[in-house]
Student: 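Before we start, here is the structure in question, set down as structure tokens.
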Amino acid sequence: MPGIQEAVRGAGRALLHLVVGAAVAVVSYLFVALVLFTAILTLLVVGAGVLPETVLLLRRVASFERRRVGEWTGRRIPEAYVRLEGPLRERVRQALGDPGTWRDLRWLVAHFAYGLLLLYAGLLVFCVGAVVDGLWCGVLRRPALVLPVVSRLADVDAAWSRALLGPAPGARELAARVTELTESRAGAVAAHGAELRRIERDLHDGAQARLVALSMRIGLARRAYDKDPDAARRLLDDAQDQAEEALAELRHVVRGIHPPILTDRGLVGAVRALAAGSGLDVAVRDDGVEAGGRAPAAVEAAAYFVVAEAVTNAAKHSGGPRAEVRLARTERGLTVRVADEGRGGADESGGSGLLGMRRRVAALDGNVRLSSPVGGPTVIEVELPCVW
Ligand SMILES: Nc1ncnc2c1ncn2[C@@H]1O[C@H](COP(=O)(O)OP(=O)(O)O)[C@@H](O)[C@H]1O
Ligand SMILES: [Mg+2]
């Protein structure tokens, strides 16, 4: 009888799924009584110790069901519970406050009904199917007709359990957000480390080297002072040059950390200064960015570097005569938009400026949108979340 063995086996597997499901339903239903019972006792403080344990047991049953459904459908159901820890009162509070507890209970009540119902339906279909498909496949040599319905019933069981036991959509978004924040925090730590190393290198190679040379010159000049005053003067002249260079180096390093112009003139003033020095015709528009206080220093510095890079790119690569910078304050933070009228085709893999911009912004949990079709124009929009 072609197909019938296969059909019976498939239906048998589905039936087994339903049988186990119904068994879970019956066993777990005892929990409703147990949980209610201990909840009442908890109110009277007598049985408080049992409640967290009962909730943990309930979680195990629900976990078993999640695994079972995961195996049947081939898709895991993620699990999310509040951890129960600390003194008893705390654990009782956590157990009752965890939405997971109520989700499990809701599933448990519903599953008692549909688990048993689907099992009855499955048994009935299986018996009918065994007879009908026996004739259908055996005599008429057609594929099984009724037995596969048992599998569909098991599918229904799995789908309902999944809907009831899966995390709420909000929780899923939250989990994704946590992952994102973890990544951006790791990025921030890495960026911070890289920044420290860069500053250390700049100071070491620049100002420090010049100060060492300066100190040597002064030592030589002191020794030459009595015997050869002319040589001493020359050495002191050199030393003065060196001191000025060291100062310039230091200014450069400081500018790279937090541009002093931000402190002096604020973000809008600093951006206007950038625009004026860019060699392009740059219009700066600010929508009340500094009306109600200033953004955090790190955000202002990032915004400043974004504008500096984007405007430099517009001048260097776009070929257009004009650009526009818009700074705006939004509910989420600060947005920066730089647009030019040039040829477009900006490519992050073509240099380090745009990539550096993206990293700096990502470290503050912000995001960069770059639109630069060939033929232009190039628009860079950056969002920097912050509290004002
Ligand atoms: N505004 C722009 N208009 C046209 N091309 C651009 C623009 N900005 C960047 N590009 C292109 O993208 C590449 C990468 O930019 P970037 O990462 O800033 O590197 P860099 O400026 O150091 O070359 C540039 O080399 C340039 O070819
Ligand atoms: Mg660049």
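In listed order, ligands and their atoms are each counted from 1. Computed from a prediction, not measured in an experiment: that's the story for all the values here.
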Student: Using a 4.0 Å heavy-atom cut-off, which part of D340 comes near ligand 1: side chain, backbone, both, or neither?
Tutor: side chain
Student: Going by heavy atoms in the side chains, are E348 and V368 under 4.5 Å from each other?
Tutor: no
Student: Once ring-ring contact (aromatic ring centres under 6.0 Å, His included) is applied, what residue pairs with a partner in residues 58-106 remain, sequence neighbours excluded?
Tutor: H17-W72
Student: Hey, is S372 touching ligand 1 through its side chain, its backbone, both or neither, going by heavy atoms under 4.0 Å?
Tutor: neither
Student: Could you enumerate the protein N, O or S atoms under 2.8 Å from the Mg ion (ligand 2), written like residue then atom name?
Tutor: E309 OE2, N313 OD1
Student: So is there a nitrogen or oxygen of L354 less than 3.5 Å from a nitrogen or oxygen in ligand 1?
Tutor: yes
Student: side-chain hydrogen bond (donor to acceptor under 3.5 Å, both in side chains) between N313 and E309: does it pass, once the steps are laid out?
Tutor: CA-CA 6 Å; N313 277 354; E309 177 59 31; 3.2 Å; yes
Student: What protein heavy atom is closest to atom 4 (C) of ligand 1, reported as residue, atom name and distance in Å?
Tutor: G344 O, 3.2 Å
Student: Distance to 0.1 Å, residue and atom name: give those for the protein heavy atom nearest to atom 23 (O) of ligand 1.
Tutor: H317 NE2, 3.4 Å
Student: If you measure every N/O of E309 against every N/O of ligand 1, is any gap under 3.5 Å?
Tutor: yes
Student: Give the residue and atom name of whichever protein heavy atom lies nearest to atom 14 (C) of ligand 1, and the separation in Å to one decimal.
Tutor: D347 O, 3.1 Å
Student: Looking at V132, L147, L153, L15, which one forms a side-chain contact (heavy atoms from CB on, under 4.5 Å) with V125?
Tutor: L153
Student: Excluding sequence neighbours, so at least two apart, what forms ring-ring contact (aromatic ring centres under 6.0 Å, His included) with F112?
Tutor: Y29
Student: Identify, by atom number and element, the atoms of ligand 1 in contact range of K316, meaning under 4.0 Å from any of its heavy atoms.
Tutor: 21 (O)
Student: With a 4.0 Å cut-off, would you call R66 and D104 a salt bridge?
Tutor: yes
Student: Give the residue, atom name and distance (to 0.1 Å) of the protein heavy atom nearest atom 7 (C) of ligand 1.
Tutor: A346 CB, 3.6 Å
Student: Salt bridge check: are D237 and R217 linked by an N-O gap of less than 4.0 Å?
Tutor: no
Student: Between G350, G351, S318, G342, which one has a non-hydrogen atom sitting closest to atom 3 (N) of ligand 1?
Tutor: S318
Student: Taking only residues two or more places apart in sequence or in another chain, which ones pass side-chain contact (heavy atoms from CB on, under 4.5 Å) with A113?
Tutor: none
Student: For T378, counting its heavy atoms only, list the atoms of ligand 1 lying under 4.0 Å from any of them.
Tutor: 1 (N), 2 (C), 3 (N)
